[in-house]
Amino acid sequence: MPFHKERPLVVQNDFCILLETRHPDFDEVRAGLMRFADLVKSPDNIHTYRMSSLSLWNAAAAGVTAEEVTDFLERWAKFGVPAAVRQDIRRFIERYGLVRIEKLGEDLLLISEDVDVIKEMVSYKSLRSYGLCQVDTQTLRFSSLHRGMLKQELIKLGYPVEDLAGYSQGESLPIRLKMEDGEEGTFSLRDYQHKAVESFYKEGSLRGGSGVLVLPCGAGKTVIGIAAMGRLGCATLILTSNSTSVRQWKREILEKTDVSEDMVGEYTGALKEVRPITIATYQILTYRKSKDDPFVHMDLFNKRDWGLIVYDEVHLLPAPVFRMTAEIQATRRLGLTATLIREDGREDDVFSLVGPKRYEMPWKDLETKGWIAGVECVELRVPMPDHVRESYETADARQKMRCASVNPLKLDAVDDLLRKHPTEPVLIIGQYLEQLHQIAERTDAPMISGEMAHEKREKLYSAFRSGEIRVLIVSKVANFAVDLPDAAVAVQVSGSFGSRQEEAQRLGRILRPKSGANQAYFYSIVSEDTKEQEFALNRQLFLIEQGYRYRIESMNVTTKRNEEGAAAK
DNA sequence: TAGCTCGAAA
DNA sequence: AATGATTCGAGCTA
């Protein structure tokens, strides 16, 4: 077998791909890999990617062929691509579209040119309850009621169905987008926003009309959603993760379209309006009196003839909403998210019920184009003072994390960082209130936590925005607050177990373009040689996949130790 | 209709 | 596998 020492990839039999991070073509290769593989490990020198059935199916749905994947791997691999892997890639990619759903009158057809596949379907016990009737050797017929459930079941059996049964138009609602520049009839969408809408919906094509658009924080997901609504011109139900976001959607719709206020409804705990454009939280949909009781508000899906359902932050979509979504497969569905990763591993349900990935904008690409700031990511490791180390070692597994997270030496690290960035706006973000209170006391900076009234938060936000306050300390509220102002420096003093989403969300807080060098800084402070350090690694995965690199720094503590010793006496 | 407490969720 | 903080929505009170 030929050996190309200078190439950066090793393709393994187990579907893992190793990428040398120091290779000169690293960026190009990483960008290519992320079309069809997920990053699973990211130590300094070698990143491990893994192809999965789902990552290949998403690629296939985006039109990537098996040849493109294997040619790409072949071009960069040191030892070529093992024949078995090559074969499996082909097998997986060709699975997408091997079975498709089409419409026939009131019923639907499951069609495959491969008669053996149809034979296989008929033999599956788990498919019996969907009442599949054989029409001919290539076709099965079933009731449209089962469209979603069947797709969900089939993906589990390894058949990602291509759904070409089309959609109902829904109640018509002309929506004109307000023009920001002079040209008649155009709306000033950024180039990639336009492409994203195009890849979701193509006029006159059965392909598209449902699916997920993956865009970084700050890429203007709301604008894209609104543009899709304008394109389809129909009654729309928008589901989102919290009530601040509900108001944000409403504000932007009124601002960017000619839709009048009485056409836009909020469906939340406080208000129960059902209007041609309705915005609801996931939480109200999943509300029930107690376990085993029915969902009180789930019929919002049927309260109007929706032509489009927008799932904002689709990676947070709760299980009961999946169930409902399975029943409304004839309605167009648009998922918006910064990451397809779900911490609960239900990515295949997103694929079969909301739709495949239609578009993905890597964060680094936005940075290159100047739409977001460049970020220097640093993992700052601090040692633990001896007495803390002692209680860490003796603590049981559940207390270890907390012990490491609230390491008092982190306070010194925060001081150092504030000295290092004496003029830029700084957000300090953490998970334990006690720790944040300590920092607030030491730095004399205001702190916002969940118990603070929203009115008071607003005041602090605007003081921070205007520069009156330079340092702001925030608890987990930062994960939800859409109106939290942007900063140039984020210091994460603690975070929850391994939440990749949270890390991404927090980094998102400093991405807005900066004047001057357009540079921001993200510091993650962790206790050296602890569980926390391990979890930090997992948290970073998603951002590393997006092309960010963490630089590891250790705090110089000889002087700190002495101070600590002196203070103890 | 605002302000409160409560349980549930992720 | 798991923590702790937070938010939401309902239901009660006045």
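A, B, ... follow the sequence lines: proteins, then strands. Residue 1 opens every chain. As the structure is a computational prediction, the values presented were derived from the model and not from experiment.
- Residue A:Phe535 is in base contact, counting any heavy-atom pair closer than 4.0 Å across all strands shown.
- Look at OH on A:Tyr282: it is 15 Å from C1' on C:dC8, rounded to the nearest Å.
- Defined by atom type and a distance below 3.5 Å, a donor-acceptor pair is missing between the side-chain atoms of A:Thr339 and A:His315.
- Rounded to a whole Å, the CD atom of A:Gln435 is 14 Å from the C1' atom of C:dT3.
- Following rounding to the nearest Å, A:Glu532 (CD) and C:dT3 (C1') show an atom-to-atom distance of 13 Å.
- If you check every strand for non-hydrogen atoms under 4.0 Å, A:Arg346 touches nothing.
- Between the P atom of C:dA5 and the CZ atom of A:Arg506 lies a distance of 13 Å, rounded to the nearest Å.
- Around atom NZ of A:Lys531, no more than 12 heavy atoms belonging to other residues, nucleotides or ligands sit under 6.0 Å away.
- DNA chain C lies under 4.0 Å from at least one heavy atom of each of the following residues of residues 399-407 of chain A: A:Arg402.
- Each of A:Arg275, A:Arg304, A:Lys303 was compared with A:Glu171 under the salt bridge (Lys or Arg N to Asp or Glu O under 4.0 Å) criterion, and only A:Arg304 meets it.
- To the nearest angstrom, C1' of B:dA2 lies 16 Å from NE2 of A:His454.
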Donor-acceptor pairs under 3.5 Å, side chain of residues 449-458 of chain A to any protein atom, not counting sequence neighbours: which ones?
unit_1, atom_1, unit_2, atom_2, d
A:Arg457, NE, A:Met452, O, 2.9
A:Arg457, NH2, A:Gly450, O, 2.9
A:Arg457, NH2, A:Met452, O, 3.2

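- Across C:dT7, C:dG9, C:dA2, the shortest atom-to-atom separation from the side chain of A:Val477 is found for C:dT7.
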For nucleotides 5-10 of chain B, print each protein N/O atom paired with a nucleotide N/O atom at under 3.5 Å, atom names and distance only.
none

Acceptor/donor pairs from residues 351-360 of chain A side chains to any protein atom, 3.5 angstrom cut, sequence neighbours excluded:
unit_1, atom_1, unit_2, atom_2, d
A:Ser352, OG, A:Asp348, O, 3.1
A:Lys357, NZ, A:Glu360, OE1, 2.8
A:Arg358, NE, A:Ser210, O, 2.9
A:Arg358, NH2, A:Ser210, O, 3.0

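- In this structure, A:Asp396 places its CG atom 18 Å from P of C:dA1, rounding to the nearest Å.
- Residues A:Ser405 and A:Gln435 come closest through the heavy atom pair O-NE2, 2.8 Å.
- Legend: residues meeting side-chain contact (heavy atoms from CB on, under 4.5 Å) with A:Glu252, ordered by chain and number and at least two apart, are A:Thr222, A:Val223, A:Ile226, A:Gln248, A:Lys256.
- Side-chain atoms of A:Glu503 never come within 3.5 Å of backbone atoms of A:Arg539 as a donor-acceptor pair (strictly under, hydrogens ignored).
- Side-chain proximity of A:Lys272 to C:dT3, C:dA10, C:dC8: nearest is C:dA10.
- Nucleotide C:dT7 holds its P atom 14 Å from the CD atom of A:Gln431, rounded to whole Å.
- Picking from C:dA2, C:dG9, C:dC8 the nucleotide with the shortest atom distance to the side chain of A:His297 gives C:dG9.
- Distance from the side chain of A:Leu433 is smallest to C:dA5 among C:dC8, C:dA2, C:dA5.
- The backbone N or O of A:Arg288 sits nowhere less than 3.5 Å from a side-chain atom of A:Asp293 that would complete a donor-acceptor pair.
- C:dT3 atom P lies 17 Å from atom CZ of A:Arg539, rounded to whole Å.
- Listed pair A:Ser496 / C:dT3 fails the phosphate criterion, with no side-chain N or O lying under 4.0 Å from OP1 or OP2.
- Under the side-chain contact (heavy atoms from CB on, under 4.5 Å) criterion, A:Lys41 pairs with A:Pro43, A:Thr48, sequence neighbours left out.
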